[in-house]
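Shown next, in structure tokens, is the structure this report addresses.
Both counts, for ligands and for their atoms, begin at 1 and track the order of listing. Side chains included, hydrogens not; waters and symmetry mates left out as well; all remaining heavy atoms used.
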Amino acid sequence: MSDIINVEAIFGENVFSLGKMRERLPKKIFAELTKVMDEGGELSLETADVVAKAMKDWAVEKGATHYTHWFQPLTGITAEKHDAFVTNPDENGHMLMEFSGKELIKGEPDASSFPSGGLRSTFEARGYTAWDMTSPAFIKESAVGAVLCIPTVFCAYTGEALDQKTPLLRSMEAVSQQALRIVRLFGNTEASKVTPSVGAEQEYFLVDRQKYLQRKDLIYAGRTLFGAPAPKGQEMDDHYFGTIRERVGAYMKDLNVELWKLGVSAKTQHNEVAPAQHELAPIYATANVEVDHNQVIMETMKRVALHHDLTCLLHEKPFAGINGSGKHNNWSLVTDNGVNLLEPGETPNQNVQFLLVLACVLRAVDKHADLLRQSASNVGNDQRLGAHEAPPAIISVFLGEQLEDVVEQLIETGEAKSCLHGSKLMTGVSTLPDLDKDATDRNRTSPFAFTGNKFEFRTVGSSDSIASANITLNTIVAEAFCEAADILENTDDFDMECHDLIKRFMTEHQRIIFNGNGYSDEWVAEAERRGLPNIKSMVEAVEALVTEKSVELFGKFHIFTEAELKSRAEILYETYAKTTNIEALTMIDMASKHIIPAVTKYTRFLAETVIALREAGADSSVQSETLTQVTAYLKETKSALNVLISAQADAKAMTPGKEQAFKYRNSVTPAMEALRRPVDALEMIVDKETWPMPSYGDLIFEV
Ligand code: ADP
Ligand code: MG
């Protein structure tokens with residue numbers, strides 16, 4: 001209880017930040033480096049050598065023995081291959097630690113085994129990593145020692161992106177260029193860059209590690225594939241924002257310290273809705289840094305958990321029947337002279353630049369709802385979206401009363417004369433102040449909500465990288481800005497033209513605005529009337545990537561070539577098939593080797609008891625009834641298991657691709673559900689001592 005954490009002292013301790021570079025680099029070198037960071041271009045090899053030496057000296061002082069190019073291949077997680085700073089000893093057997101500029105800026109991992117969706121075959125497997133100098137290097141400390149991690153992009157020999165980072169950086173440049181055209185129209189001549197700011201709120205579960213190790217489904221699939229509900233769920237709302245238990249608190253404390261050392265501004269922590277569920281939110285950062293930070297957060301969450309004999313589950317739906325986890329991706333656009341383009345100000349109705357930006361965002365989201373939906377889909381999220389605990393699969397925008405009113409006025413009359421203002425919130429207690437009320441309430445059911453001066457994209461899954469979501473957001477908004485700028489840069493009457501354009505975009509795209517309850521069935525029907533896409537699953541969403549519209553969009557802004565889009569679609573289909581295959585095999589394994597044998601033992605015990613009771617002339621009706629019931633479920637289990645075994649075999653035998661992915665979804669997934677039903681029923685009646693794994697109650701209430 002007594003050790004005091006000095007946050008100021010430890011914050012960023014393990015980051016080779018701009019400040020440290022300024023301290024450690026000659027002025028000229030530092031100037032060259034920051035110029036390239038701001039304006040792009042290439043570092044000379046001499047400069048890179050100086051930077052590399054300074055970086056290595058700093059890292060070695062901090063105990064680092066290795067460095068790695070840290071990158072984000074299309075596995076959704078990060079990859080690293082460590083190299084020691086060791087060189088050949090001299091004739092005296094003396095070794096000098098070395099790290100060159102070349103090693104800093106470029107690497108060539110033998111990376112033929114990463115998914116490339118057909119972009120590379122193993123015989124031409126060259127893949128390169130290149131330093132993303134706009135995201136700082138950091139030192140990761142773990143059992144393997146201290147390793148200097150250099151954030152990099154990962155590309156094929158032919159220049160195609162094999163990672164999440166490359167297209168993200170491309171999309172940041174695209175939206176910056178187009179947004180600059182917009183701010184110039186409004187007289188901002190100072191800004192030279194517009195950057196997406198992103199803050200990702202991360203949800204997670206913590207379970208006891210020893211219990212976790214007794215569940216094959218958690219080990220192989222990251223989620224439970226069987227499990228009867230505990231007597232208590234989340235219905236009392238007593239976990240949400242509840243007092244943090246000591247064991248979890250100790251974990252959070254360590255997690256914060258580790259993250260602060262890595263320069264991640266972990267800010268908010270609380271218990272979430274489901275028992276054993278929690279959330280951490282950092283302060284927002286530039287999109288690419290936040291993408292890295294979110295990966296660091298997920299990795300650190302898992303690592304620190306081990307020190308507390310806990311396991312951190314990042315899966316979107318670890319437990320059926322209680323809430324799953326997501327990641328709210330908060331997004332805004334800020335000029336380098338400090339203007340947030342999504343800041344409405346006191347009187348949004350008079351803020352023409354804001355209204356134009358808003359109109360462009362509405363247009364972007366409506367036109368590319370399918371792409372946004374796709375960008376936030378992964379296998380786990382299929383278990384969560386649209387299940388009345390997470391945003392629906394239908395993309396819509398929540399604006400809130402104030403902005404909705406402004407938009408309505410604009411559409412109806414072409415002018416927004418007035419603007420609703422927040423009133424006072426009367427507390428009704430004389431000793432308490434009456435509070436100023438925001439003009440807008442919140443809506444937790446919307447997938448894409450305006451929250452003050454940012455949009456919050458709430459559909460992203462908890463285990464997913466936030467890169468895709470931000471690539472898509474940046475690009476679709478860049479396109480709308482580009483269309484607007486093309487018109488407005490070539491007009492004699494800017495005011496009139498701008499006014500007309502805002503009205504037109506808002507009118508054409510008002511169908512995307514929805515302020516009501518996104519969880520309701522009425523909304524599903526209403527959305528269908530409005531013609532909004534309702535894409536129910538990940539495999540159905542993939543198609544959006546390769547439509548003509550998508551190829552044109554991503555091609556125009558040089559984010560993805562058609563080949564890159566196709567490769568990504570391939571990878572997604574394969575990921576779906578492989579993940580579902582693992583889940584199916586895990587269920588088959590658990591049912592065959594653990595559940596059926598355990599229940600069989602129990603039936604033998606019951607049968608023997610019935611015989612013994614009968615012989616003794618005692619009443620055996622309860623035991624005998626239980627035996628009948630258990631046997632019926634056991635039979636159902638066995639036949640469902642057989643169905644799953646053959647469905648899995650059929651799907652597995654197919655050629656990887658779209659058709660196979662759909663086969664998994666349409667035949668393996670239902671077979672998995674059918675096997676789960678009798679097993680969960682058995683769990684409710686079979687002796688707890690006999691049941692071969694910890695129950696939901698053991699897992700989520702006994703952390
Ligand atoms: P809310 O309670 O509305 O979800 P918070 O203040 O808790 O908002 O912020 C949630 C996340 O959004 C945090 O990571 C925060 O840093 C981030 N955030 C706040 N303002 C912005 C902004 N202008 N742009 C991007 N992210 C932001
Ligand atoms: Mg939020």
(message) Below the 3.5 angstrom mark, is there an N/O of N330, backbone or side chain, next to an N/O of ligand 1?
(response) yes
(message) Is there a polar contact, in the sense of an N or O pair closer than 3.5 Å, between R444 and ligand 1?
(response) no
(request) Check each of L255, I5, N14 against W260 using the side chain to side chain contact (heavy atoms under 4.5 Å, CB included) test, and report the only one that passes. (result) I5
(message) Within this structure, what is the CH2-CD distance for the pair W331 and E290, rounded to the nearest 0.5 Å?
(response) 14.5 Å
(message) Just verifying a value: how many Å separate Q269 CD and K253 NZ, rounded to the nearest 0.5 Å?
(response) 11.5 Å
(message) A quick test of your reading: do over 12 heavy atoms of other residues, nucleotides or ligands sit less than 6.0 Å from CD of E8?
(response) no
(message) Can you confirm whether S325 sits close enough to E316 that some side-chain heavy atom of one is under 4.5 Å from a side-chain heavy atom of the other?
(response) no
(request) Would you please determine whether H328 falls within less than 4.0 Å of ligand 1 on a heavy-atom basis? (result) no
(request) Examine ligand 1 and decide if any of its atoms is less than 4.0 Å from a heavy atom belonging to N453. (result) yes
Region of [X] engaging ligand 1 - heavy atom pairs below 4.0 Å:
| X | value |
| --- | --- |
| E201 | side chain |
| K267 | neither |
| N340 | side chain |

(request) Considering the heavy atoms of G199, write down every atom of ligand 1 situated less than 4.0 Å from one of them. (result) 14 (O), 26 (N)
(request) Give the atoms of ligand 1, by number and element, whose distance to some non-hydrogen atom of I283 is under 4.0 Å. (result) 16 (O)
(request) Report the C-alpha separation of V407 and L358 in whole Å, then their side-chain angles, then the decisive distance to 0.1 Å, and conclude whether the side-chain contact (heavy atoms from CB on, under 4.5 Å) test is met. (result) CA-CA 10 Å; V407 170; L358 181 67; 4.2 Å; yes
(message) With no hydrogens and no angle check, just 3.5 Å: does a side-chain donor-acceptor pair link N330 and K454?
(response) yes
(message) Using a strict threshold of under 4.0 Å (side-chain N to carboxylate O), is an ion pair present between R303 and E299?
(response) no
(message) Using heavy-atom distances only, which candidate in F455, W331, Y284 approaches atom 18 (N) of ligand 1 most closely?
(response) Y284
(request) Identify which of A266, G452, S265, P282 has a heavy atom lying nearest to atom 13 (C) of ligand 1. (result) P282
